[in-house]
Amino acid sequence: MHSVKRERTSAKAREERRRREAGKIVEYKALVDKVLTSRKNQNYTPDALSLTTTLLKQNPEYYTIWNYRREILTSIFQEQPAETIQSNIDNELQFLFARLMEFPKCYWIWNHRQWCLETSPSPSWKFELGLVTKMLERDARNFHGWHYRRYVVKGMEQATGKSLVRPEFDYTTTKINANFSNFSAWHNRTKLIPRLLNDEPEIDARKFLESEINLITQAIYTDPDDQSVWLYHRWLITSDDIVKLSSEERKDLLTKEIKSIQELLDVEPDSKWCLQSLAFYRCLLTRLTGEAVEPSVLGYLDKLQDIDPMHKKRYEDWKLQL
Amino acid sequence: MATSTASATDCNETCDVLIYGTGLVESVVAAALAWQGTNVLHIDSNPYYGGAWAALNLDELKAWTDRVNSASNNTPFLDAYLYISRNLDPRKYAIDLSPHILFTRSDLLSLLIKSRVSRYLEFKPLGSFHTFEQDSFEKVPGTKEDIFTSQTLTLLTKRSLMRFMKFVIDWEQNTTVWQEYKDEPISKFLEEKFGLDVPQIVELVHSIGLLPTPKTSTEVALAKIKRYLTSMQVYGNFPAMYSMYGTGGELAQGFCRSAAVAGAVYRLGSKLVGFDETTGVAELESGEKIKVAEKIISSETVATQDEEVTRMVAVVEKDCKEWFAEGESAAIVVFPVDTLDGNQAAVQVLVMGSGSGQCPSGQAIWYLSIQESGELGRKFLYVALEKLEEAILRESTQDFEFAVNEEEIAYLPNGLPVISSVRLGESLRNFTPKESLKYLLKLTYSQKSTVSPIEPPADSKLIYSAAPCFSLAFEDIVDQAKGLYELVTGTTDDFFDVDFEDEDDDATVSAAAQDTEAREFSDDKDEDVGGHQYDFEEVAGEMTI
């Protein structure tokens, strides 16, 4: 028979593992000491670079070491011609890619990548866009990725002189259709819409706003618990960056949306976001119409204190301000 | 079965357990027993594996038809009518006698992975589930994204559907919601408790739950609906799979192979003709005698229930790719109750394209079934067949023109136009196809059900296993196998409780599945969670943009 019955991990095996880990900790501390001493001595040699490589592979969050690494590279690059710098930067980018796969949400890795592109004699924006697209495929909600994407797109636009607003806008649509619980995608959309409407003046801004409101309403009704869709809705209703609505138009819009959310509240009476949004929009409307605050708002705030006790004081404050 | 008069002394062979019939459940038990050290002799009267679950080539199918219609029929099948067009290469077809799909969230898949039998098989995804509504096939919304992007559901319907989906994922815990409807029809529960409309109820019941009727009790139905929805979360985009060359038969063969590796002995073409309870001697048609120390598990069960399922197999000269999702080669179509002139049970259709390995390219196999007997069953299957024929001719025809009115077009936020499929159905209702569909094979037959495991009389060595279930998805296979296993060994504690030797990582099974396996079967809390260690340099080098 080839097969063996499963054995349980013995206390002995656990002790073994603890001993191994203690050894690793001693090793790590020694490495850190070595690197920091090297920096104190202003050691900017390739050997020092290797040291930082080893340390950063283990702990990419140690941002001081990334700083040191940049000091080393800057010093090395001083003596080198552009092609050598480019080739070194490319190696650096490869190193960073591997780090990113393991730690996709580490600020310092993305930051160092940005530094590489700024230091590079001829950065490949196309490659970077492909990279960030791949990262967002792995995790569409990685805000580091979205932030970096905006940086790359900007770089690309500056290099080519061509606006990428339309394809980027369509990209957010694709991401949202795949999963609309994505604050970063909606956020990116808010950055793109004003530019889009500017770039394509043939778009009827009011009709566009209407279709966006329709889209977000689909999302709100599908998942009223999702924060990102409510925040996007609020931006659509209150922002002046899409289209300059007249006071009358704004009032009509608010009234229409209040009605729509009220219908949702009727079927989901305990929806925190429905109550909050209704309270907010009704207050906003009263400020425009100059009328007194509706008693229903007080009702919402009371209900909110019940269902969202963690923010009880906030609702109390709100009530006092009315 | 006749009793044998042989004595223990003139036996050619001995074994602990004799299993008669290489059906899926029997094969799982064979492997389970073999891996626990039992001496298993597994035989089948057919010259092929799989028994009632097998997929047959055309020659085997002809022989099978004759056997089923003969006086000595001991299969769960009856009334087979077969038409085969001339000039077909018999070996290029694998006709599945009991077509089934495998949901990704299922005991059977977990067992396949755990036992490594999955490595003998090639699985393909199945994510296209259609309901026949208003003369057209609507794709079923099964995820939050489907519901969000749907152009046909109203806002309030979207909310109701989502509320139900959230509930059903955890329905067992929320007894207060459904307890009073436990034995009531699921349609009543969905309407009264969740305010769902008829179209949504029909889709949930028929295409997501794969239930034969909306009258199914709520408790049973909720489990089936949950199965589909939670299966969508395993590999993403599709809730079910099938194996190449006919799922049931291939899975059975896989388990037989596993049993053989563990020491079980296999013999095809061996018919059992007698068994003596007192001496424990089994006699084969060849005259050989086998001494059985413990038990015989036989698939030639005699206890049948009244219910029948009527089946139809049609091989068509169309690839049917219009019905398949991108990258897939199969689809499911359900004709709900009352959509075919009064059918009281749904007609379920499994469409297998050539990508399934069951037929040559340019063709497809339509497997239809209805939980309705004989003449009535066949009648509804023929009506469904006509509708399928109309639909495929309509969707695959090249020179087709129709006028679309402005009102029938809606615009997505990104500016792309989309035609409402409901309205499309209306426009197309008057379409008359210029060509007709060529059928290369047509087979109809009925199948009876059995109960398993049938409680054997005390002290009896003979245990019967059940015939394949009527449902479109595999159901209770592992439970049935465990039941039989327990009747033999007295316990289920060591059922497949084996550490299989690790071969090289198999690419066929995704990391997600292995993760599930690790979580479900690792009872050692101190174990390191073994993540896949990336070789970074490799990844960087292979990156293509």
Side-chain angles (χ1 to χ4, degrees), chain A residues 1-11 13-14 17 57 93-99 101-102 124 126-131 133-134 166 169-170 172-174 176-181 203 207-208 211-212 214-226 229 260 263-264 266-268, chain B residues 34-37 115-116 141 143-151 153-163 165-166 195 236-237 261-263 410-416 494 496-501 521-528 531 533-541 543-545:
Chain A
M1 279 307 161
H2 338 254
S3 56
V4 180
K5 289 237 177 192
R6 197 185 301 270
E7 278 177 295
R8 319 226 169 257
T9 310
S10 56
R14 262 176 277 159
R17 208 173 65 206
K57 272 188 177 170
L93 289 172
Q94 268 209 340
F95 170 67
L96 282 169
F97 174 75
R99 305 283 72 66
M101 295 299 267
E102 209 183 350
S124 168
K126 188 162 170 225
F127 182 90
E128 294 304 305
L129 189 63
L131 168 68
T133 305
K134 201 153 192 140
R166 173 51 77 177
F169 180 78
D170 291 340
T172 64
T173 309
T174 313
I176 283 160
N177 281 339
N179 183 359
F180 64 73
S181 297
I203 300 180
K207 270 227 174 92
F208 184 84
S211 75
E212 282 300 294
N214 181 40
L215 178 68
I216 200 65
T217 310
Q218 303 292 321
I220 286 172
Y221 270 78
T222 305
D223 188 0
D225 290 334
D226 185 76
V229 301
S260 168
E263 279 171 18
L264 180 54
D266 288 340
V267 293
E268 297 288 351
Chain B
W35 283 109
Q36 288 311 328
S115 64
R116 307 289 196 264
T143 61
K144 186 172 101 174
E145 288 61 57
D146 288 339
I147 293 176
F148 169 56
T149 53
S150 160
Q151 299 294 308
L153 300 172
T154 66
L155 288 172
L156 287 173
T157 307
K158 291 190 183 193
R159 187 81 289 274
S160 304
L161 255 182
M162 283 299 299
R163 200 181 320 125
M165 295 220 186
K166 190 165 173 194
N237 276 343
V261 169
Y411 286 93
L412 291 173
N414 61 10
L416 284 179
D494 52 354
F496 272 107
D497 186 20
V498 166
D499 244 336
F500 291 90
E501 282 209 330
F521 294 95
S522 168
D523 44 18
D524 192 336
K525 293 173 186 57
D526 265 341
E527 253 179 50
D528 279 335
Q533 286 305 311
Y534 288 104
D535 183 337
F536 290 109
E537 272 46 63
E538 223 180 72
V539 174
M543 184 172 71
T544 48
I545 302 295

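Proteins come first, then strands; the chains are lettered A, B, ... in the order of their sequence lines, and each starts at number 1.
Judged as a ring-ring contact (aromatic ring centres under 6.0 Å, His included), and not counting sequence neighbours, A:Y221 has no contacts. In terms of the side-chain contact (heavy atoms from CB on, under 4.5 Å) criterion, residue partners of A:S124 (sequence neighbours excluded) are, by chain and number, A:K126, A:F127.
Considering all non-hydrogen atoms of both residues, A:N177 and B:F148 come closest at OD1-CE2, 3.7 Å. The heavy-atom pair separating A:T222 from B:R159 by the smallest distance is O-NH2, 3.0 Å.
One distance of note links CD of B:E145 with CD1 of A:I176; it measures 12.0 Å at 0.5 Å rounding. B:K144 NZ to A:D226 CG: the interatomic distance, rounded to the nearest 0.5 Å, is 5.5 Å.
Contact of B:L161 with chain A is not made at all, since no heavy-atom distance falls under 4.5 Å. Interface residue A:A219: backbone and side-chain heavy atoms are both found under 4.5 Å from chain B. For a residue to count as touching a neighbouring chain, one of its non-hydrogen atoms must lie under 4.5 Å from one of that chain's; by this rule A:D223 touches chain B with backbone and side chain alike. Both the backbone and the side chain of A:T217 have a heavy atom closer than 4.5 Å to some heavy atom of chain B.
Counted within 6.0 Å of CG on A:N179, heavy atoms from surrounding residues, nucleotides or ligands total more than 12; the atom is thus considered enclosed.
Residues B:R163 and A:V267 meet the side-chain proximity criterion, which asks for heavy atoms closer than 4.5 Å.
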